[in-house]
Peer 1: 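Next up is a structure, given as structure tokens.
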Amino acid sequence: MRRYLATLVPASIVTVGVALAHPVMAKRMVSDFDVAQPAFQLLGRPVGGTKPATATAAYLTSSRIAAVGEGALVIDADSGKLIRTDKAGKNIAQLDIGQNAGLLAFDPVASTAYVADRLNNRVAVIRIGDKLEITGTLQTPVEPYGVALAPDRKTLLVTTIADRTLVAYDLASSKEKWRTALAREPRGLAISPDGSRALVAYLATGTVDEIDLVETHAAEHVALSTAGSPRRCRRCGNDGDTFARGSFALTFMGDHQAVVPFQRETPVQQLAGSENTGSYGGGFEPPLTHQLAFLSMTGERTNQITATISQHQPRALAWDGAHDALYVAGMGTDTILQIKNASQVSITQGLSTTVKSGKDACGPDGLAVTSSGNVLVWCSFTRNVERVDFVDAKGELAAATKMNAGPALVASTMGDKQHLGMVLFHSAEPQISQRGALACASCHPDGRADGLSWRIDKHELQTPLLTGRVVGTHPYKWDGGDPTLRDSLTSTMKRLGGIGLDKPQTDALAAYVEGLPAVRTPTRDGQMVARGKKLFDSDAGCRSCHDGANYTDQERHKFSGTLSESDTPSLIGIAASAPYFHDGSAATLEALLRDRGAVHGMAETSNLNDQQIADLTAFLETL
Ligand code: HEC
Ligand code: HEC
């Protein structure tokens, strides 16, 4: 069997050592079949220039961490604390912002930071000195997340997740200048050094938005290319559609180039010449790889090439313009990849380093480059800052890295069990999935959903939202086949081709999933919501199944559709979980009520007029 595999797919399946071994995975098996994605492989001709692009100020890009002098400024999402550290990574000042905080931008000239307080719909303006002091507040639409400062340092841009907007604020007056609509699940935000455009990255759309900051303020969608690797195994076949997902961050390199990490997902794979096979657990080729898109915005249209990288769940990146070095951190692998000559045609792979210190997983969720060119890493699991020296004493890119791990800066708000569950949720290990190709967080980024339907046991099943939706909603899965959450997780790992976790680990994973907070709901017209609620409660007959605190009777129903029976799903957070139904056949809530996708028999809605559909949709979106 081994030889068979080795000769059949020499390129895509490569033996690796224990480099990615995970501490909590005591039983980790190192097999000959572990997949090593190439550390960095370009899938086309570089789009960069012959000279390095002009350096980009850090405050143009929203991040969890900024370099402040020799130390760092970091916003910890878990505790909601903003912390300033010294050179050794020690906590020298801290300030409460609010739990589940978003990202920050730091203006070194004015010694001022702007931090998104996600729960309280505001951006806190903070003077950064020996003490951290709130000097002002900008009210935002619901759920601010990304924050970036324009090059003139007078305009602040903020993305909001639930209300799906990009808002520009005039900092002198704290007044809103303009706003523009975004797609769902916006995350990273960056402004070009010439101030002409901004880019927004998304979790679930497969696009980035390019926003004209000078004239129209309108957003244009740029599809991320999912071109396959030329090295992929041809005999395996793979005619399924691929989708770009999970872009948490992006950055400009000069005025006309940008880099966007994303994951490339193939939810339905085919063997050449045969019928569809499930790709859920992997098959020969991993159904999910990690990529970097290099966008070039010089001409009429945006050109791009992609590169495959081995960083699993690349959630953070930073570009050192002075050395033209790009750094990308992989949350699932605890590694940082350096890419040299990143903005040039001579782009090439540099060093790669592990950021795990001791036995605990780091969970890198933020990168910043210091003035000397070294890299500060925010380890969100261990809650400490690590400084990785990529530059030598002469100020040049070094031949090897040196790491200094600072102490934990703040206590975790989670118990040990939940914390372990969080680490497991993000780990790409053979316990979870075949060859460790997939982590829970791959398909459920931020506990949400990739918006794709995966081929599992002859059915295409959509990834459900988990946040705020798993307590009191048993049974689990679209067909209600798993009576308890633990059963659901065990069967998931089995279906993913994972070896499985032991009981305490599975319990820890369940505890983490149960603790995920519900998604925030968007602002909707109160009268429409009230009318929609009335419809839902009475005439439309939705309550007969979608009842109780979670809007589910926890029963199975027989509808026409591909499943013989469907478990009534909870409607909590439904605004954030498009598309709808087990097969994703209704693209929007409106489509679900009007055209009903592929599932028929749920409720009679054809007698509803346009206003009633709009009202019902508005109500559903506030659940
Ligand atoms: C390849 C993408 C993928 C990965 C990886 C994945 N899931 Fe899922 N998840 C899905 C899909 C698709 C379903 C629906 C399957 C079904 O109904 O049979 C699902 C269903 C679930 C459910 C049931 C939710 C409900 O309300 O019924 C839970 C809980 C869950 N996943 C948690 C996890 C955890 C924890 C992990 C990691 C061990 C994980 N998932 C890994 C795609 C994925
Ligand atoms: C007979 C029970 C029943 C009734 C009545 C019912 N639903 Fe459902 N609902 C279900 C089931 C079961 C599903 C899952 C169907 C599937 O995808 O296979 C579902 C799915 C949904 C979904 C998609 C959930 C998701 O996560 O994709 C929405 C939204 C929804 N229902 C809203 C409504 C509304 C609004 C009404 C009233 C007009 C209604 N339902 C009436 C049982 C019901």
Side-chain angles (χ1 to χ4, degrees), residues 265 267 278-282 287-288 421 424-428 431-433 437-444 447 449-450 452-457 459-466 469-470 473-482 485-493 495-496 498 500-501 506 509-510 512-514 532 535-537 539-547 551-553 555-563 565-575 577-586 589 592-593 597-599 601-605 608 613 616-617 619-621 623:
E265 299 185 36
S279 65
Y280 195 63
L288 188 140
L424 292 167
F425 192 83
H426 293 89
S427 42
Q431 274 77 0
I432 306 285
S433 66
L438 300 152
C440 308
S442 301
C443 302
H444 301 283
D450 58 6
L452 296 177
S453 294
W454 290 80
R455 179 94 181 166
I456 307 170
D457 302 336
H459 295 294
E460 261 135 64
L461 296 172
Q462 206 211 141
T463 310
L465 184 87
L466 303 178
R469 253 214 202 180
V470 290
T473 58
H474 59 274
Y476 299 97
K477 305 284 167 65
W478 285 102
D479 65 1
D482 294 331
L485 185 56
R486 174 122 53 73
D487 295 328
S488 180
L489 303 189
T490 306
S491 78
T492 290
M493 290 183 275
R495 292 204 300 203
L496 289 169
L501 297 171
T506 310
L509 191 57
Y512 172 70
V513 170
E514 285 174 340
L535 276 170
F536 187 88
D537 288 344
D539 302 355
C542 314
R543 278 279 177 203
S544 60
C545 300
H546 295 288
D547 202 14
Y551 297 87
T552 166
D553 56 5
E555 298 286 345
R556 292 177 232 189
H557 299 274
K558 201 166 164 45
F559 299 147
S560 72
T562 59
L563 287 180
E565 279 191 313
S566 307
D567 169 46
T568 308
S570 162
L571 299 181
I572 297 291
I574 195 85
S577 75
Y580 300 100
F581 285 139
H582 69 265
D583 55 358
S585 58
L589 286 171
L592 175 140
L593 295 172
V599 174
M602 180 177 82
E604 187 50 67
T605 50
L608 300 178
I613 288 195
L616 197 47
T617 302
F619 167 68
L620 290 170
E621 286 173 337
L623 297 181

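These numbers come from a predicted model, not from an experiment. Counting convention: from 1, in listed order, for ligands and their atoms alike.
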Peer 1: Are any of the N/O atoms in Tyr580 less than 3.5 Å from those in ligand 2?
Peer 2: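 By distance alone, the answer is no.
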
Peer 1: Using a strict 4.0 Å threshold on nitrogen-to-oxygen distance, state whether Asp567 and Arg556 make a salt bridge.
Peer 2: no

Peer 1: Is it true that the side chains of Thr552 and His546 contain a donor and an acceptor less than 3.5 Å apart?
Peer 2: no

Peer 1: Side chain, backbone, both or neither: which applies to Ser566 and ligand 2 if a contact is any heavy-atom pair less than 4.0 Å apart?
Peer 2: both

Peer 1: Closer than 3.5 angstrom, by distance alone: can the side chain of Arg455 be matched with the main-chain N or O of Glu460 as a donor-acceptor pair?
Peer 2: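 Here the side-chain-to-backbone pair does not exist.
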
Peer 1: Does any N or O atom in Arg495 lie less than 3.5 angstrom from one in ligand 1, N or O only?
Peer 2: yes

Peer 1: Looking only at protein heavy atoms, which one is nearest to atom 2 (C) of ligand 2, and how far off is it?
Peer 2: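 The protein heavy atom lying closest is Cys545 SG, 1.8 Å.
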
Peer 1: Do any heavy atoms of Glu265 fall under 4.0 Å from ligand 1?
Peer 2: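 The answer is no, since Glu265 has no heavy atom less than 4.0 Å from ligand 1.
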
Peer 1: Heavy-atom pairs closer than 4.0 Å: do any link ligand 1 to the side chain of Leu485, the backbone, both, or neither?
Peer 2: side chain

Peer 1: What protein heavy atom lies closest to atom 33 (C) of ligand 2? Include the residue and the distance to one decimal.
Peer 2: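 The answer is Met602 CE, 3.3 Å.
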
Peer 1: Closest non-hydrogen protein atom to atom 23 (C) of ligand 2, residue and atom name please, with distance?
Peer 2: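 Among all protein heavy atoms, the one nearest atom 23 (C) of ligand 2 is Leu592 CD1, 3.7 Å.
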
Peer 1: Counting heavy atoms only, which part of Leu571 comes closer than 4.0 Å to ligand 2: side chain, backbone, both or neither?
Peer 2: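 Near ligand 2, Leu571 shows its side chain, while the N, CA, C and O stay back.
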
Peer 1: Hey, is ligand 2 close enough to His557 that some N/O pair sits below 3.5 Å?
Peer 2: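 No, His557 has no N/O under 3.5 Å of an N/O on ligand 2.
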
Peer 1: By number and element, which atoms of ligand 1 are closer than 4.0 Å to a non-hydrogen atom of Thr492?
Peer 2: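 Ligand 1 atoms under the 4.0 Å threshold to Thr492: 39 (C), 40 (N), 41 (C).
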
Peer 1: Purely on distance, is any nitrogen or oxygen of His444 under 3.5 Å from one on ligand 1?
Peer 2: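 Between His444 and ligand 1 (N or O atoms, distance only) the closest approach is under 3.5 Å.
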
Peer 1: Note the single closest protein heavy atom to atom 16 (C) of ligand 2, along with its residue, its atom name and the distance in Å.
Peer 2: His582 ND1, 3.3 Å

Peer 1: Which atoms of ligand 1 sit under 4.0 Å from any heavy atom of Ala439?
Peer 2: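 Those qualifying, in numeric order: 5 (C).
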
Peer 1: Are any side-chain N or O atoms of Ser585 and backbone N or O atoms of Gly597, one a donor and one an acceptor, separated by less than 3.5 Å?
Peer 2: no

Peer 1: Hey, is Leu465 touching ligand 2 through its side chain, its backbone, both or neither, going by heavy atoms under 4.0 Å?
Peer 2: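 None of Leu465 does.
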
Peer 1: Judged by atom type as modelled, is there a donor-acceptor pair below 3.5 Å linking the side chain of Tyr580 to the main-chain atoms of Ile574?
Peer 2: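 Yes: the side chain of Tyr580 pairs with the backbone of Ile574.
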
Peer 1: For Met493, counting its heavy atoms only, list the atoms of ligand 1 lying under 4.0 Å from any of them.
Peer 2: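 Near Met493, the atoms of ligand 1 are 38 (C).
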
Peer 1: Below 4.0 Å, non-hydrogen atoms only: which portion of Thr605 touches ligand 2? Side chain, backbone, both or neither.
Peer 2: side chain

Peer 1: Show the atoms of ligand 1 that are less than 4.0 angstrom away from any heavy atom in Thr463.
Peer 2: 10 (C), 11 (C), 12 (C), 42 (C)

Peer 1: At a 4.0 Å cut-off, with the gap strictly under it, does some heavy atom of Leu563 reach an atom of ligand 2?
Peer 2: no

Peer 1: Can you figure out which of Ser488, Pro287, Gly447 has its heavy atom closest to atom 22 (C) of ligand 1?
Peer 2: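 When every heavy atom of Ser488, Pro287, Gly447 is considered, Ser488 comes closest to atom 22 (C) of ligand 1.
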
Peer 1: Do any N/O atoms on Trp478 end up under 3.5 angstrom from N/O atoms on ligand 1?
Peer 2: yes

Peer 1: Nearest protein heavy-atom contact for atom 27 (O) of ligand 2: which residue, which atom, what distance?
Peer 2: Phe581 N, 2.8 Å

Peer 1: List the closest protein heavy-atom neighbour of atom 14 (C) of ligand 2: residue, atom name, distance to the nearest 0.1 Å.
Peer 2: Pro569 CD, 3.4 Å

Peer 1: Could you tell me whether atom 8 (Fe) of ligand 1 has an N, O or S atom of Cys443 under 2.8 Å away?
Peer 2: no

Peer 1: Within the structure, does Tyr476 bring an N/O atom to less than 3.5 angstrom of an N/O atom in ligand 1?
Peer 2: no

Peer 1: Is there a polar contact, in the sense of an N or O pair closer than 3.5 Å, between His546 and ligand 2?
Peer 2: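 Yes, there is a polar N/O contact under 3.5 Å.
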
Peer 1: Would you mind checking which non-hydrogen protein atom is closest to atom 42 (C) of ligand 2, with the distance to 0.1 Å?
Peer 2: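 Of the protein heavy atoms, Phe559 CZ, 3.7 Å lies nearest.
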
Peer 1: Looking at Cys440, which atoms of ligand 1 are within less than 4.0 Å of one of its heavy atoms?
Peer 2: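 Those qualifying, in numeric order: 34 (C), 35 (C), 36 (C), 37 (C), 38 (C), 39 (C), 41 (C).
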
Peer 1: Test of understanding: given a 4.0 Å heavy-atom threshold, classify the contact between Cys542 and ligand 2 as side chain, backbone, both, or neither.
Peer 2: both

